[in-house]
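Position 1 is the first residue of the sequence; numbering continues from there. Remember, it's 1-based here, ligands and their atoms both numbered in the order they're listed. Computation of the quantities below employed the complete heavy-atom set of this structure, encompassing side-chain atoms and omitting hydrogens, waters and symmetry-equivalent molecules.
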Amino acid sequence: MSREIVAEPLTADAFAPFGDVLEAEGAPDRIINQGLCGRYHDRAALDFGPDGRAGISLFKAQARALPYRLDMFERHPEGSQAFIPMSRDPFLVIVAPDADGAPGTPRAFLTAPGQGINLHRGTWHGVLTPLAPPGLFAVIDRIGETANLEEHWLDEACVVTAPPD
Ligand SMILES: NC(=O)N[C@@H](O)C(=O)O
Ligand code: NI
């Protein structure tokens with residue numbers, strides 16, 4: 001048995017319960033560099049806890065395809081995790097609210113070109129899921145001595161399908 005989740009376009013409002021959407025759209029917050037650059041300033045709630053520190057890592061992840069089967073959610077109880085694509089390819093973001101310590105009703109989002117995300121601390125999510133090679137991302141998350149990882153294997157897998165045309 002599996003549970004179908006229809007992917008929806010990623011918007012800041014829809015994603016707000018789970019994290020921040022990063023995109024250089026609309027008027028920038030500041031014009032800098034002698035007027036040659038728009039700064040979209042301080043757009044994510046970063047959180048690395050009292051015992052961690054911020055780290056930037058690069059991920060090169062295998063591309064997946066829709067329909068996409070998800071068997072496991074994870075979360076990072078001690079810090080946020082941001083994924084900034086280093087291409088303009090879309091990627092798939094699957095998240096869920098917490099329901100008594102387990103993932104609740106999942107939601108799946110397809111990013112638009114240029115969008116990145118920052119998962120808030122403790123947000124249930126599927127692991128990074130690019131939809132096109134090379135799957136190259138900058139990842140800003142907590143570096144620390146603890147695992148900062150909780151996994152939940154689903155009794156019933158989710159299958160994410162593309163939104164209707
Ligand atoms: N394990 C790791 O660094 N990445 C995952 O947390 C992920 O969400 O992709
Ligand atoms: Ni993660």
*Asks:* Mark yes when over 12 heavy atoms from residues, nucleotides or ligands other than N33 sit less than 6.0 Å from its CG; otherwise mark no.
*Replies:* yes
*Asks:* Could you tell me if the side chain of F48 sits less than 4.5 Å from the side chain of I140, heavy atoms only?
*Replies:* yes
*Asks:* Show the numbers, then the answer: is there a side chain to side chain contact (heavy atoms under 4.5 Å, CB included) between L119 and F15?
*Replies:* CA-CA 9 Å; L119 296 164; F15 198 65; 3.8 Å; yes
*Asks:* Side chains of H152 and L154: closer than 4.5 Å at any heavy-atom pair?
*Replies:*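 Heavy-atom side-chain distance check passes, below 4.5 Å.
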*Asks:* Could you check whether any side-chain heavy atom of T11 comes within less than 4.5 Å of a side-chain heavy atom of Q115, counting everything from C-beta outward?
*Replies:*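 The answer is no, as the side chains (C-beta and beyond) never meet within the 4.5 Å cut-off.
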*Asks:* Please report, to 0.1 Å, the donor-acceptor pairs under 3.5 Å made by any side chain of residues 53-69, with sequence neighbours excluded.
*Replies:*
| unit_1 | atom_1 | unit_2 | atom_2 | d |
| --- | --- | --- | --- | --- |
| R64 | NH1 | Q62 | O | 2.8 |
| R64 | NH1 | L128 | O | 3.4 |
| R69 | NE | D71 | OD1 | 3.2 |

*Asks:* Quick check: do E78 and D51 have side-chain heavy atoms less than 4.5 Å from each other?
*Replies:* no
*Asks:* List the atom pairs, with distances to 0.1 Å, where a side-chain N or O of residues 89-110 and a protein N or O form a donor-acceptor pair under 3.5 Å, not counting sequence neighbours.
*Replies:*
| unit_1 | atom_1 | unit_2 | atom_2 | d |
| --- | --- | --- | --- | --- |
| D89 | OD2 | S87 | OG | 3.0 |
| D98 | OD1 | R75 | NH1 | 3.1 |
| D98 | OD1 | G101 | N | 3.2 |
| D98 | OD1 | A102 | N | 3.3 |
| D98 | OD1 | W124 | NE1 | 2.8 |
| D98 | OD2 | G101 | N | 3.2 |
| R107 | NE | E8 | OE2 | 3.1 |
| R107 | NH2 | E8 | OE1 | 2.9 |
| R107 | NH2 | E8 | OE2 | 3.4 |

*Asks:* For a quick check under 3.5 Å, do E74 and H125 share a side-chain donor-acceptor pair by atom type?
*Replies:*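 Checked: E74/H125 side chains pair up, N/O donor to acceptor below 3.5 Å.
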*Asks:* Which N or O atoms of ligand 1 sit under 3.5 Å from a protein N or O, and how far apart is each pair?
*Replies:*
| unit_1 | atom_1 | unit_2 | atom_2 | d |
| --- | --- | --- | --- | --- |
| ligand 1 | 6 (O) | E74 | OE2 | 2.5 |
| ligand 1 | 6 (O) | H76 | NE2 | 2.9 |
| ligand 1 | 6 (O) | Q81 | OE1 | 3.3 |
| ligand 1 | 6 (O) | Q81 | NE2 | 3.1 |
| ligand 1 | 8 (O) | E74 | OE2 | 3.0 |
| ligand 1 | 8 (O) | Q81 | OE1 | 3.0 |
| ligand 1 | 8 (O) | H125 | NE2 | 3.1 |
| ligand 1 | 9 (O) | L128 | N | 3.0 |

*Asks:* Tell me, which protein N/O/S atoms are under 2.8 Å away from the Ni ion (ligand 2)?
*Replies:*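 Listed by chain and number, the atoms are E74 OE2, H76 NE2, Q81 OE1, H125 NE2.
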